J.: 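Can you keep this structure in mind? I'll have questions shortly.
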Amino acid sequence: YHPFGHADFGAAPTATSAPRQCQVMARLLWKRAMNAEELAACVDHAFEIQALEPDVKRQWASLCASVAGAASFLIY
């Protein structure tokens with residue numbers, strides 16, 4: 001099983017799929033779960049991307065890139 005092959009990615013982010021996948025991405029990329037503030041920001045960002053990008057695959061790819069770019073290891 002690979003989390004990035006999940007059925008969530010076949011449709012635009014929803015109120016259910018966005019928080020679930022934000023947490024999956026954080027665990028994979030940050031090696032920890034998001035706190036409540038980070039999760040809320042991630043979900044908000046998922047919907048911002050959705051409003052700007054019509055392609056569903058690009059919406060999820062952009063969200064993943066955003067989560068990866070927010071990883072604290074990049075500040076060292």
Side-chain angles (χ1 to χ4, degrees):
Y1 169 75
H2 192 281
F4 292 117
H6 196 277
D8 285 346
F9 301 122
T14 66
T16 302
S17 64
R20 177 176 44 240
Q21 292 304 327
C22 282
Q23 285 290 18
V24 168
M25 290 176 195
R27 284 188 201 100
L28 287 169
L29 298 165
W30 300 356
K31 304 301 184 209
R32 67 171 178 84
M34 290 182 169
N35 63 36
E37 183 180 334
E38 292 165 336
L39 182 59
C42 183
V43 170
D44 288 346
H45 190 57
F47 292 121
E48 291 169 358
I49 293 168
Q50 185 177 2
L52 298 171
E53 174 57 63
D55 184 278
V56 171
K57 290 180 182 178
R58 287 178 185 249
Q59 291 171 16
W60 288 111
S62 294
L63 184 62
C64 183
S66 296
V67 172
S72 59
F73 73 86
L74 294 176
I75 63 171
Y76 294 114

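Because the structure is a prediction, the values reported are computed rather than measured.
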J.: Quick check: closest heavy atoms across L28 and K31, and the distance to 0.1 Å?
T.: O-NZ, 3.0 Å
J.: If every non-hydrogen atom of C64 is compared with every non-hydrogen atom of M25, which pair is closest and at what distance?
T.: CA-SD, 3.6 Å
J.: Judged by atom type as modelled, is there a donor-acceptor pair below 3.5 Å linking the side chain of W60 to the main-chain atoms of G10?
T.: no
J.: Check whether Q50 reaches the backbone of Q59 with its side chain - one donor and one acceptor, N or O, closer than 3.5 Å.
T.: no
J.: Specify the closest pair of heavy atoms between V56 and F9, including all atoms of both residues, with the distance to one decimal.
T.: CG1-O, 3.5 Å
J.: Identify the two heavy atoms, one from N35 and one from R32, that lie closest to each other, and give their separation to 0.1 Å.
T.: N-NH1, 4.3 Å
J.: Does anything in residues 11-20 form a side chain to side chain donor-acceptor pair (under 3.5 Å)? List the pairs, not counting sequence neighbours.
T.: D8-R20, T14-S17
J.: Mind listing the side-chain donor-acceptor pairs of residues 40-48 below 3.5 Å, one per line with the distance, residues two or more places apart or on another chain?
T.:
unit_1	atom_1	unit_2	atom_2	d
H45	ND1	E48	OE1	3.2
H45	NE2	S66	OG	3.0

J.: Compare every heavy atom of C22 with every heavy atom of L63, then report the nearest pair and how far apart it is.
T.: CD2-SG, 4.0 Å
J.: Within the 4.5 Å heavy-atom criterion, are Q21 and P13 side-chain neighbours or not?
T.: no
